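Worksheet: one structure, shown below.
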Amino acid sequence: FNGFGFLCVSAILYCLKTYKNDWMNNTKMNVILCIVSFILLYGGLIAYDAIALNVPFLNNKMLAFDHYMNPFILFFAIGLFNLANKKTVNIKAINFISSLSLLVYVLTENIYMHQVAIDPLFNYFFSFVPGYFTPLLSILFACLFFVGGSIACSAFKIIIDKPILNRIFK
């Protein structure tokens, strides 16, 4: 389903970019898209929660809406992306970090990285920490993954990408 979902999202974005480019560049339209999709998403979740309290079959099915193929999440993300895409940033450090984002994603979402390092480390720390420290520890892990991933990807970019890959693909 993930591959099909990715193709659907890509097709939607292609059609919007190709045929409705004026919508993509219209700030007012994107703000309205964000507000409406946000209200519909959370209004729908509240309504579903109210119905699920009375219908036992729907009782614990709320996570079905927490998926990137949810149209409200999709249109909210498209609106936010279009709003953020209008700004250009000329700060060298931010541009360098943003150029590493794909590498950090590939590094941290790798199944082998999860099996070898992330999951055992995560389970080890959470086995010793009381439950009320869980949000703080989750934020700490996110910061550690950001810093560690940025360092690893910076090393990759400096050691392999510039000297070797740029010569191969020129």
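Everything numeric in this text was worked out from a predicted model, so none of it was measured.
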**Asked** Going hydrophobic residue to hydrophobic residue with side-chain gaps under 4.5 angstrom, can you get from Leu136 over to Leu121?
**Response** yes
Rounding to 0.5 Å, atoms CG (Asn82) and CG (Asn25) come to a distance of 7.5 Å
*Decide whether Tyr14 and Phe81 are clustered together by the hydrophobic rule: side chain heavy atoms of Ile, Leu, Val, Met, Phe, Trp, Tyr closer than 4.5 Å, transitively.*
no
Residues at least two apart in sequence or cross-chain that pass ring pair (Phe, Tyr, Trp, His ring centres under 6.0 Å) with Tyr124, listed by chain then number, are Phe128
The reported gap from CG in Asn26 to CG in Leu83 (rounded to nearest 0.5 angstrom) is 10.0 Å
For residues 33-45, run the donor-acceptor check on the side chains, cut-off 3.5 Å, and write out each pair with its distance to 0.1 Å, sequence neighbours left out.
unit_1, atom_1, unit_2, atom_2, d
Ser37, OG, Leu33, O, 2.7
Ser37, OG, Cys34, O, 3.2
Ser37, OG, Phe76, N, 3.4

Quick note, side chain to side chain donor-acceptor pair (under 3.5 Å) partners involving residues 146-156, not counting sequence neighbours, are none
Value for CG (Leu80) from CZ (Phe75), rounded to nearest 0.5 Å, stands at 13.5 Å
Shared ILVMFWY cluster between Tyr48 and Val55, side chains joined below 4.5 angstrom?
yes
